Amino acid sequence: MAQTNSQSKPSFAPQLSVSATYMRGGTSKGTFFKLSDLPERCQVAGESRDQFLLRVIGSPDPYGKQIDGLGNGSSSTSKTVILSVSDKSDHDVNYLFGQVNIAKPMIDWAGNCGNLTAAVGACAINMGLVDADKITNSLEDNADSGICEVRIWQENIGKTIIAHVPVYQDEQGKVQVQETGDFELDGVTFPAAEVKIEFIDPVDSSSDMFPTNNLIDDFDVSGCGLNTDSVKATFISAGIPTIFMKAEDLGFTGTELQGDINSDGELLAKLEKIRATGGVAMGLFKDVSEAQASQHIPKIAWVAPAQSYNASSGKAVEAADIDLVVRAMSMGQLHHAMMGTAAVAIAAAATTQGTLVNEAAGGSELSEVRFGHPSGTLLVGGKTEQVAGRWQAKKVSMSRSARRIMVGEVFVPADAF
C-alpha cells in the first residue's frame, strides 16, 4: 500500500501579511502603504507591484463589487497610495497614487487623487515619515494644539502640495494628528477636522494651462452621438487634464445625480467617446483607441449657471448659495461628489476670465467659487496669471478632511504577485 509523504509541499499558496492603513481622504477612501513595508519586489514599479495592489483591492472583478478585496466597487474607493520619506529638498514625504480599475487588471499611475491628498499628511505623520521635531514645533506657543505643514511631493505629476494638518498634544505629552472635529464636507456623512490643502504651481511653467492655447475651443464631436458635430469646450491641464463643456450642449441641466447617468449604458458610451476625442484634441492621445488604457485622464465635466436642486442626500442646494453647478465623470461613472483634482481644474478655470467655467459662474474676475455637485457644494480658491504669454495657475486651495478607519495588516495570497 502506497505511503503518504507527509513532507510534501502543500498544493495551495499561503497568505502574506503587509502593514497597511485604510483611510478616508475627502470623499474617497484608499489603502495606504509605507514603501519600505511592501514586499521587496513590490517596492519598485512593475508587474509585481501592480499585481499585489490589484489583489489587495480585489481587482479585476467581473462582478464589479471587489468583494475579495478592500475596494468597494466604486472609483472613489478603488485606490492605493504608497508613501515614503521624500528625497526632494524642502519636502517631507513622497506620495504615489494608483487608481485601480475595478473590472480590468489595470492600475492607472498617470494622475493624482486630490481627495486622498487630504489624508497623505496625516498618514505620513502617523507612519513616522515626518520629522518628529517638526511635528512637535507645530504646536502654538503656550498651547496644546497647532497646525503641522506637511510638504508633499506628488510623484505621479511631479508637483508640490502642502497639507495643513491639525495636531494636538495628548495627555502623555505626545503630539498626535487631530482627526475628529466639526468641519462638514458634503459627500461625507460625519464631521471631522478640517485639513487645508494647497496645490502649488499645478501647471508646468514650460507649458500652457490651456493645451490648445485657447480659453474656449470649437470641439469637433462628430461621430460621438450628439445632435451636433461641434460644441464649445474649455480644455485645461491643472490638477488633472479636464474637458469642460456646457451642460445644455450634452442635453443635461447640470443638476444630474448618479442615478440619472450611471444606469444608462448608451449614454455612458457616448460620454466615453467624447472623452476619448477630447484626449486627442488635448494632445494626450494620438488616437481615440488609446483612451482605453488611460481611464484616469482626461476627465470630462459639464457646467451650468447656478440653480437650485436636491443633492443625493436630499439636502436642498439653493442657487443663491453657489456660483455654478458642475458634474464630472470618473472612471466611466458620474462621480458621487467631485474629484479633488477636478476641483483644482474647476478653481483654475473659474478664476480665469473667458473660460466656459468662468462664464457659467457669471463671467467676472474671481478669486474663489463655490460650486454645486451631486452631494452638495464645495468652495475652492485659485490664482491664475499669464506668464510669457502662457496661462499659469500659481496656487489652488481647498479644504477637505481625513480620518483613519483601520490600521493593521492586509493579507494577500503569496502566488498573486
Side-chain angles (χ1 to χ4, degrees), residues 111 114 199 202-203 207-221 224 226 228 230-256 261 270-285 291 296-307 322-330 332-335 337-364 366 368-374 377-378 380-382 384 391-393 396 398:
F199 298 82
V203 179
S207 61
D208 198 306
M209 186 165 68
F210 302 99
T212 63
N213 297 315
N214 300 315
L215 300 182
I216 297 178
D217 279 277
D218 290 315
F219 178 26
D220 184 354
V221 290
C224 291
L226 297 181
T228 179
S230 178
V231 297
K232 299 295 184 181
T234 290
F235 300 108
I236 189 169
S237 289
I240 199 162
T242 305
I243 307 156
F244 287 108
M245 292 172 288
K246 293 181 180 180
E248 61 181 325
D249 287 344
L250 296 173
F252 298 147
T253 64
T255 61
E256 289 75 23
I261 304 294
K270 182 190 301 184
L271 291 171
E272 176 58 20
K273 284 184 180 180
I274 296 171
R275 188 188 76 87
T277 304
V280 174
M282 296 182 76
L284 298 171
F285 312 135
H296 191 51
I297 60 171
K299 301 298 186 187
I300 181 174
W302 54 94
V303 299
Q307 53 198 292
I322 55 177
D323 299 294
L324 74 161
V325 290
V326 189
R327 299 295 187 264
M329 301 291 290
S330 175
Q333 300 280 299
L334 179 67
H335 197 274
M338 184 56 62
M339 305 83 78
T341 48
V344 173
I346 292 166
T351 54
T352 304
Q353 282 186 284
T355 68
L356 289 182
V357 183
N358 177 264
E359 288 183 357
S364 62
L366 301 168
E368 63 180 22
V369 290
R370 183 177 295 277
F371 63 87
H373 57 72
T377 70
L378 179 64
V380 293
T384 63
W391 279 101
Q392 298 287 311
V396 170
M398 68 185 75

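Because the structure is predicted, anything quoted here is derived from the model rather than measured.
For the atom pair T242 OG1 and M282 CE, the distance stands at 6.5 Å (nearest 0.5 Å). Separating the OG1 atom in T384 from the CH2 atom in W391 is a distance of 5.0 Å, to the nearest 0.5 Å. Interatomic distance, T234 OG1 to I243 CD1, rounded to the nearest 0.5 Å: 11.0 Å. Taken from CD1 in I300 to CE in M245, the straight-line distance is 3.5 Å, to the nearest 0.5 Å. Within the model, atoms CD1 of I274 and CG of L226 stand 4.0 Å from one another, a figure rounded to the nearest 0.5 Å.
Annotation for V396 and A347: closest pair CG1-CB, 3.6 Å, computed over non-hydrogen atoms. Considering all non-hydrogen atoms of both residues, L284 and P298 come closest at CD1-CB, 3.7 Å. A pairwise comparison of heavy atoms in G114 and T341 identifies N-CG2, 3.4 Å as the closest pair. Contact between R327 and G372 at its shortest, heavy atoms only, is NH1-O, 3.1 Å. Contact between V221 and T228 at its shortest, heavy atoms only, is CG2-O, 3.6 Å.
Put simply, the side chain of R275 gets close to the backbone of I297: a donor and an acceptor are under 3.5 Å apart. Distance alone, capped at 3.5 Å, places no donor-acceptor pair between the T351 side chain and the L366 backbone. In this structure, the side chain of Q307 engages the main chain of T253 through a donor-acceptor pair within 3.5 Å. With hydrogens and angles ignored, the 3.5 Å screen pairs a side-chain donor or acceptor of E256 with a backbone N or O of G254. Proximity of a side-chain donor or acceptor of R370 to a complementary backbone N or O of I322 within less than 3.5 Å is not detected. A distance-only check finds no donor-acceptor pair linking the side chain of Q392 to the backbone of M209 [under 3.5 Å]. No donor-acceptor pair closer than 3.5 Å links the side chain of S330 to the backbone N or O of H335.
Counting heavy atoms from C-beta outward, I346 and F371 have side chains that approach closer than 4.5 Å.
Residues D218 and K232 are paired through a salt bridge, judged by an N-O separation under 4.0 Å between the basic side chain and the carboxylate.
Taking the six-membered ring where tryptophan is involved, the planes of F235 and F219 are perpendicular, since the angle between them exceeds 60° and thus also 30°.
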